[in-house]
Amino acid sequence: MQALKTHRLFGGTLSYIQHDSAATKTPMRLTVFVPNKIGRLPTLTWLSGLTCTEDNFTTKAGAYKLAAELGMVIVAPDTSPRGGNVPNDDAYDLGQGASFYLDATQSPWSEHFNMYSYIIKDLQKLIVENFPVDRDRQAISGHSMGGHGALTIGLKHPELFKSISAFAPIVAPMQVPWGQKSFTNYLGESHSNWKKYDACELVKKYGGTKKHNKILIDQGLADDFYETELKPDLFQKACNEVEQKLELRLQKGYGHSYFFISSFIDDHLHFHHSNLCG
């Protein structure tokens, strides 16, 4: 692990980190905010959306003042492997910056695009061994593609993530252009493989109030992608089928940007802190 730079804010420390990942076979970057508190602390892992890096949430969300007050660590990894030897595409929604938080099975993506394994293995190992993280009090959240990642990873790993939320997540990638394009390229044509990374399918398999706390989703009604790519009503319907508690908040006038995220990030931090700490 290499600390690239550190900043002091709200009494805590924000570190930009680089480390080698076995899953992606590349260096990976992330930021970690550690408040000035004693002991092992509750932790939120944030997954960002298409085209983002570890810097978008870090500089735009405005989460650290409340995180410092609550005593919550925040981990924000990059969205994909990067580098000259890593496959890429000219389109913004495929390749570097567009991992979809899955383990690719198709060439040329399969060698490096294993962000699912990175999040649950390499990143876990890094933060637990190097930061004051309470492994048993972790939450996961994200935006858009990262919201998709937070829902799918959180639903499949309740032993790691006790609390799940999302902003404008892609909840049904099998049914929308963003997901269909990425899944075809990364996973091939078999829909049985696609179902492993579709939140609507996974909540039917893994969801239910006996397995997961209530999930929180915020969705802006002025979001340009609301009807074409996001379709939160499909996730609401899937949750209802298995009695998974979901608080879906439709926010009038809000779009898809970090102005939207920064407006409601405090609610999500309070939500996770309540789930993790009582």
Side-chain angles (χ1 to χ4, degrees), residues 1 17-32 40-49 52-54 57 72-82 86 97-105 109-166 169-171 173 179 182-183 186-187 193-203 205-207 211-213 215 272 275-276:
M1 187 186 78
I17 302 296
Q18 180 170 293
H19 71 117
D20 292 331
S21 165
T24 67
K25 301 178 183 177
T26 65
M28 292 294 299
R29 293 193 177 192
L30 65 145
T31 65
V32 182
R40 292 280 169 179
L41 303 176
T43 301
L44 171 66
T45 294
W46 173 271
L47 306 181
S48 292
C52 291
T53 69
E54 75 283 359
F57 176 88
M72 181 175 288
V73 174
I74 299 184
V75 178
D78 196 356
T79 53
S80 79
R82 299 182 190 272
V86 177
S99 71
F100 272 80
Y101 299 100
L102 49 74
D103 283 353
T105 60
W109 312 103
S110 56
E111 182 176 2
H112 299 293
F113 279 72
N114 298 299
M115 286 295 289
Y116 170 75
S117 289
Y118 171 73
I119 297 297
I120 65 169
K121 295 178 181 178
D122 296 355
L123 185 61
Q124 278 289 303
K125 179 178 174 62
L126 177 83
I127 62 173
V128 170
E129 292 183 355
N130 293 280
F131 297 95
V133 168
D134 185 342
R135 185 179 177 87
D136 295 324
R137 290 191 296 164
Q138 294 192 75
I140 191 166
S141 186
H143 171 232
S144 194
M145 177 187 73
H148 146 79
L151 291 174
T152 56
I153 293 172
L155 285 166
K156 289 202 280 190
H157 292 282
E159 78 285 359
L160 290 179
F161 301 108
K162 305 298 193 297
S163 186
I164 306 170
S165 76
I170 305 168
V171 299
S182 65
F183 283 10
Y186 295 145
L187 301 173
N193 290 332
W194 293 18
K195 289 181 178 180
K196 299 175 183 178
Y197 301 101
D198 185 296
C200 286
E201 297 294 329
L202 291 172
V203 76
K205 182 176 182 180
Y206 296 109
K211 298 179 181 178
H212 296 279
N213 291 318
I215 296 170
H272 293 305
N275 283 337
L276 298 177

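No experiment lies behind these values; they were computed from the predicted model shown. The basis for the numbers below is simple: all heavy atoms, side chains too, and nothing from hydrogens, waters or symmetry mates.
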If you apply the rule side-chain contact (heavy atoms from CB on, under 4.5 Å), what do you find for Leu126 with Leu30, and how did you get there? CA-CA 11 Å; Leu126 177 83; Leu30 65 145; 3.7 Å; yes

Let's go through Thr152 and Leu102 carefully: what are the C-alpha distance in whole Å and the side-chain angles of both, what is the deciding distance for side-chain contact (heavy atoms from CB on, under 4.5 Å) to 0.1 Å, and is it a yes or a no? CA-CA 9 Å; Thr152 56; Leu102 49 74; over 6 Å; no

Test log, rule side-chain contact (heavy atoms from CB on, under 4.5 Å), inputs Leu47 and Ile153: CA-CA 11 Å; Leu47 306 181; Ile153 293 172; 4.2 Å; yes

May I have the step-by-step check of ring pair (Phe, Tyr, Trp, His ring centres under 6.0 Å) for His148 and Tyr116, ending in yes or no? CA-CA 12 Å; His148 146 79; Tyr116 170 75; over 10 Å; no

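In this structure, the separation between CZ on Arg137 and CE on Met72 is 9.0 Å, given to the nearest 0.5 Å. Between Lys205 atom NZ and Leu155 atom CG the span is 12.0 Å, to the nearest 0.5 Å. How far NE2 of His212 is from OH of Tyr206: 9.5 Å, rounded to the nearest 0.5 Å. If you take NZ on Lys195 and CG on Leu202, they are separated by 11.0 Å, rounding to the nearest 0.5 Å. Taking NE2 of His272 as the start and CG of Leu44 as the end, the distance is 5.0 Å to the nearest 0.5 Å. Remark: Ile119 CD1 to Asp103 CG distance equals 10.5 Å, nearest 0.5 Å.
Side chains of His112 and Thr26: a donor-acceptor N/O pair is absent below 3.5 angstrom, by distance only. Side-chain contact annotation: Ser165 with Ser141, donor-acceptor N/O pair under 3.5 Å present.
By the 30° and 60° cut-offs, the orientation of the rings of Phe113 relative to Tyr186 is parallel.
The heavy-atom pair separating Ser48 from Tyr101 by the smallest distance is O-OH, 2.8 Å. Heavy atoms only, all atoms of each residue included: Thr24 and Met115 are closest at CG2-SD, 4.2 Å. When all heavy atoms of Trp46 and Pro77 are compared, the pair lying nearest together is O-CD, 3.1 Å. When every heavy atom of Cys52 is checked against every heavy atom of Asp78, the shortest pair comes out as O-OD1, 3.6 Å. Summarising the geometry of Leu276 relative to Lys162, their closest heavy-atom pair is CD2-CB, 3.8 Å, with the distance given to 0.1 Å. The shortest heavy-atom contact between Gln138 and Ile127 is OE1-CD1, 3.8 Å.
No donor-acceptor distance shorter than 3.5 angstrom exists from the side chain of Thr45 to the backbone of Ile140, with no hydrogens or angles considered. A distance-only check finds no donor-acceptor pair linking the side chain of Arg29 to the backbone of Thr53 [under 3.5 Å]. The backbone N or O of Met28 sits nowhere less than 3.5 Å from a side-chain atom of Arg82 that would complete a donor-acceptor pair. In this structure, the side chain of Asn275 does not engage the main chain of Ser163 through any donor-acceptor pair within 3.5 Å. For Asp198 (side chain) and Trp194 (main-chain N/O), no donor-acceptor pair under 3.5 Å exists by modelled atom type.
Under a cut-off of 6.0 angstrom, the local environment of NZ in Lys156 is crowded, with over 12 non-hydrogen atoms contributed by other residues, nucleotides or ligands.
Taking 4.5 Å as the limit, every side-chain heavy atom of Phe131 sits out of range of all side-chain heavy atoms of Thr43.
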